[in-house]
Amino acid sequence: MGQSDRESLIEMGFPEERVKLALIRTKHSGLQPALEWLTNPDNENEVLGEEAEGQSLGTPTGNNDDNGEGQTANSLKCNDCGKTFRGMPQAQFHAEKTGHDDFSESVETIAPLTEEEKAAKLNELRAKLAQKRALEAEKDKEEFKKNEAIRRKKDQDSASLIEELQRKEQLKDIEKKRQEKAADAAAKARVKAEIEADRKARADRAAAAKALREGTTPPSASPAPAAVPAAPKASTANSARLQIRTEGSRKIPPITDTFPAETTLFEVASKIQEKTGVEPNGAVFMTTFPRKTFTGADLGATLKELGLVPSAALILKT
């Protein structure tokens, strides 16, 4: 408790040496007893340890007046501003605070503080100390708010960066799966074509051998398979106008927007996620006519590759 009282009294303006002495004399019994001791004129000349030379009042000054009678110094006077002080500690504090350095001893007696004046001064000092602490607390509060705002912004930036990196990784995975799916389909088509060609060649050889045994004319080679109609020419449009409706537990108004033709279906799902609440990874899109479903690796394909250019109506399952 003494340490806290010591800091409080120093903050009130009392010299540190006097505060130490006051706490010792009052046996660290609290702030008010120490303050009363400091403001008691009877204690002004008491010093900590050995008495300092030239700091005690109430001794003859050695100066004689015009009648040669000795005078007793009862106070100190600042010749710069005219204020009087009970003792050296108050005069030193005044000098440190104002920079005044011209003091002289005075025979003027300063009346001691009454109990009411002591209580009023104590309340005044306590109010000033409370105000100072309140200002410091408000300053600490504002500083905490600023630091908290900086921390939240850093967290948000980090979260956004992590989310963006995850989205890019998801796009890479979807594109990789799409390419693998396309490569598998191409490989299956090649194998199927080879099997068909081998079957046809064996059938032709068997027919020729049979005709040779029977002495008949070998049948002509099987006609070449009809050419597969060419796929419709892909649209040359550079954008796709999509109308997206939801189907499921969550109903929202239709979403109509225009996207670049090279936009992937995953990116479309990401853009409308805030409105639909559907995670892009698990999005399932459908067209009504012709009936198609786009999910999984299809999300990594572009709108142009999926035949959704220049416009299309989609249904998103929620």
Side-chain angles (χ1 to χ4, degrees), residues 1-40 43-44 46-49 52 78 80-81 83 85-101 103 113 115-171 267 270-281:
M1 183 177 69
Q3 180 65 19
S4 175
D5 293 339
R6 174 178 172 275
E7 293 175 352
S8 300
L9 291 168
I10 291 175
E11 288 179 356
M12 291 178 184
F14 292 102
E16 184 175 359
E17 291 299 322
R18 297 291 296 168
V19 170
K20 289 181 181 178
L21 183 59
L23 293 172
I24 292 173
R25 292 292 182 264
T26 58
K27 298 181 181 180
H28 298 276
S29 57
L31 180 64
Q32 185 166 356
L35 182 61
E36 290 177 353
W37 191 94
L38 286 167
T39 56
N40 189 342
N43 302 323
E44 289 183 353
E46 188 173 351
V47 295
L48 186 63
C78 176
D80 291 325
C81 64
K83 289 184 177 180
F85 307 93
R86 289 190 181 88
M88 184 64 71
Q90 290 81 4
Q92 287 177 340
F93 178 73
H94 175 74
E96 293 172 359
K97 184 177 180 181
T98 62
H100 297 171
D101 57 5
F103 293 87
L113 295 176
E115 294 299 325
E116 292 78 8
E117 290 173 336
K118 289 179 183 179
K121 186 171 183 180
L122 177 61
N123 291 334
E124 179 184 355
L125 293 174
R126 281 177 173 170
K128 289 182 179 179
L129 183 59
Q131 183 181 12
K132 181 178 179 181
R133 287 176 175 171
L135 291 174
E136 291 176 350
E138 186 65 25
K139 183 178 179 181
D140 292 342
K141 184 178 178 181
E142 292 298 324
E143 189 69 21
F144 176 79
K145 286 182 179 179
K146 291 180 181 178
N147 292 336
E148 188 66 14
I150 293 173
R151 184 191 65 78
R152 283 198 300 268
K153 187 175 185 304
K154 287 182 178 179
D155 290 345
Q156 291 173 355
D157 292 344
S158 298
S160 298
L161 180 59
I162 293 173
E163 184 178 349
E164 179 64 18
L165 291 174
Q166 290 176 342
R167 190 182 71 84
K168 289 182 179 178
E169 288 298 323
Q170 290 169 350
L171 286 173
E267 291 172 325
S270 299
K271 184 174 181 181
I272 64 176
Q273 179 183 2
E274 185 175 346
K275 295 180 180 178
T276 64
V278 176
E279 287 290 337
N281 278 339

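- Each of K153, R152, R151 was compared with D155 under the salt bridge (Lys or Arg N to Asp or Glu O under 4.0 Å) criterion, and only R151 meets it.
- Salt bridge annotation for R167-E164: present, with a cationic side-chain nitrogen under 4.0 angstrom from a carboxylate oxygen.
- Atom CD of E163 is surrounded by 12 or fewer heavy atoms from other residues, nucleotides or ligands within 6.0 Å.
- Of all heavy-atom pairs spanning H100 and C78, the tightest one is ND1-SG, 3.5 Å.
- For the atom pair CG of L135 and CG of D140, the computed distance is 11.0 Å after rounding to the nearest 0.5 Å.
- Closest of all the heavy-atom pairs between N43 and W37 is ND2-O, 3.0 Å.
- The CG atom of D101 lies 7.5 Å from the CZ atom of F103; values are rounded to the nearest 0.5 Å.
- Atom NZ of K83 sits about 8.0 Å away from atom OG1 of T98, to the nearest 0.5 Å.
- The side-chain contact (heavy atoms from CB on, under 4.5 Å) test with K145 is passed by exactly one of E148, E143, K141: K141.
- Note that CG of L38 and CZ of R25 are 12.0 Å apart. Values are rounded to the nearest 0.5 Å.
- In this structure, L21 CG and T26 OG1 are separated by 9.0 Å, a value rounded to the nearest 0.5 Å.
- When the shell of 6.0 Å around CD of E142 is examined, it contains more than 12 heavy atoms from other residues, nucleotides or ligands.
- With values rounded to the nearest 0.5 angstrom, E36 atom CD is found 10.0 Å from L31 atom CG.
- Scanning both residues, L23 and A34, for their nearest heavy atoms gives CD2-CB, 4.0 Å.
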